[in-house]
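Notes follow once the structure below has been shown.
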Amino acid sequence: MPQPQLPRRWVHPALLAMVAVIATSGLVYELVTGTLASYVLGDSVTQFSLVIGLYLFAMGIGSYLSKFLEDRLLERFVEIELCLALAGGLSAPLLFKVYTAAAAFRFALYGVVVLVGTLVGLEIPLLIRLLQFSVDLKELVARVLTLDYVGALIASLLFPSLLLPKLGVHQTSLFFGLLNAAVAMLATFLFPLDRAVTIRLRAQCLLIFGVLAAVFGFVTRFVDRAETVYFGAPILYTAQSPYQRVVITRSPRTTRLFLNGNLQFSSDDEQRYHEVLVHPAVAALGRDPRSVLVLGGGDGLAARELLRYPSIERIVLIDLDAAVTDAFRTLPVALELNGGALNDPRVTVRNEDAYKFLEDSRDSFDLAIVDFPDPSNYAVGKLYTDAFYHLLRERLSFRGVAVVQATSPQYARESFWTIVQTLESAGWKTAPLHVYVPSFGDWGFVLAGGEELAAPGALRIEPTKLRWLESSGLPELFRFPRDIGRVEAPVNRLNDQKLVATYAREWGVFTR
């Protein structure tokens, strides 16, 4: 059956518009699903690897299946575009709904990836076949594939720098669904078709465009309601940064911070965590600290504890995500929690990568408070390596002391002792300690210093200034019962991050 031909004067603008949108949207859907997978399942390297592999495999399936489409190619192309608009555009909201309401996230995630990849794989072969009668085939293939690859580059640049922080993951997928629906509509104007077919296809385009536009307008409220149910408390604040989704909830009893759905603190027991994080380290230092480096801790709660010491002259706080530090500098509930610590003139907040800061800085500090999220992926895992701890030692003054948040020795025993072993391999003497925090269970830290380091016997602050910790309780913090005591563990190295896999295995037992 002869195919309708495209007038030559339309070829170049049509090709530019349609192929650019097709290529860009295809990669954006891939990035959306990869981002959601890393948010929910952790280990971004593994999740992006699986998503990319499945997506490319599905594209191959789609390309193969395209040969079985023999006639009415324009109708098939428009219908595929509309299916992609729905599947890709609704992918993020639907996956989020599955995550918050069901236990089949992996199945839904990989199903969406295969579906979207197959539809994307069908697009380009069909478009080439539609245009081959109007353009020299050699020139057509070169131009289409060039634009396809350029569109992929555009998507990879726009997604982390503009789309994710400005629109968020849900509205990004819906926006590109709308673009796919627009491409489908444009296609109906480029080829001569029967009037009845044209009317039907355009009606379908308008219907799907309208559905996606309506969801785009209401998705924020949908996500807020779903998150309120999921987090179990009214949401006070949300932000989507290039790195994570930040959610602060507040109920009559407690205020909580969640990053990518993971609880970071609860106001009804955070004092146990932060007092043990800070004050034993100051006591182990054995002198009044003047300059302190805080790595992580963008909520300002560790800085709040440090500012209880009159000797403090300078705190440099390094936290990658400005969305967190900005929130805890400005929100009334945050200022109530941290006492305005991040606005104190003695505190300097820098939003940059901690590893790069240690590489570039030549400053010296008496004390380092290392309060990173758990090593659930390789991006964070590098901050628990021997290379990182070597750099940290160079930033401490003579007889300086560091303390490292080290996950739970109860739920992730080998992970905890891997952190201890890694610190020791970097030349530190260590003094591990732990405390029970109701929101998290038994939680661990590691004091690290020179050969003179010892577990402190008394605090260097009046207990009346603290809410929970007292000197008489210090010895118990450093005692480990046999069921969480030291086990053989590897060194976590930059080129071989064993800790990430160990952490995922251990915590997976408790989160399945």
Using a strict 4.0 Å threshold on nitrogen-to-oxygen distance, state whether Asp288 and Arg460 make a salt bridge.
yes
Whether the Asp268 and Ser266 side chains hold a donor-acceptor pair (N or O, under 3.5 Å, no angle test) is what I'd like checked.
yes
Is any side-chain N of the basic residue among Glu476 and Arg479 closer than 4.0 Å to the acidic one's carboxylate O?
yes
Are the charged groups of Arg250 and Glu336 less than 4.0 angstrom apart, N to O?
yes
Taking only Lys NZ, Arg NE, NH1 and NH2, and the carboxylate oxygens of Asp or Glu, determine whether Arg304 and Glu270 approach each other closer than 4.0 Å.
yes
Check: Asn351 main-chain N/O paired with Asp319 side-chain donor or acceptor under 3.5 Å:
no
For the backbone of Lys429 and the side chain of Glu451, can you confirm whether one donor and one acceptor N or O come within less than 3.5 Å of each other?
no
Ion pair present between Lys382 and Asp353, side-chain N to carboxylate O less than 4.0 angstrom?
yes
Please test Asp386 against Arg493 for salt bridge (Lys or Arg N to Asp or Glu O under 4.0 Å), starting from the C-alpha separation and ending with a verdict.
CA-CA 6 Å; Asp386 58 343; Arg493 303 188 188 281; 2.8 Å; yes
Apply salt bridge (Lys or Arg N to Asp or Glu O under 4.0 Å) to the pair Arg362 and Glu394, showing each step before the final yes or no.
CA-CA 9 Å; Arg362 294 296 175 265; Glu394 295 175 3; 6.0 Å; no
Is the backbone of Ser361 close enough, under 3.5 Å, to the side chain of Arg395 for a donor and an acceptor to pair up by distance?
yes
Heavy atoms of Arg482 and Arg413 approach each other most closely as O-NH2, 3.0 Å
So, for Ala23 and Ala152, which heavy atoms are closest and what is the spacing to 0.1 Å?
CB-N, 4.2 Å
Over all heavy atoms of both residues, which pair between Tyr384 and Phe372 is shortest? Give the atoms and the distance, please.
OH-O, 3.3 Å
If we ignore hydrogens and angles and just use 3.5 Å, is the side chain of Glu470 paired with the main-chain N or O of Pro463 as donor and acceptor?
no
Can you check whether Phe328 and Tyr237 have ring centres sitting under 6.0 Å from each other?
no
Can you tell me if Gln405 and Trp443 form a side-chain donor-acceptor pair at under 3.5 Å?
yes
Test ring-ring contact (aromatic ring centres under 6.0 Å, His included) applied to His170 and Phe175, step by step:
CA-CA 9 Å; His170 303 285; Phe175 175 73; over 10 Å; no
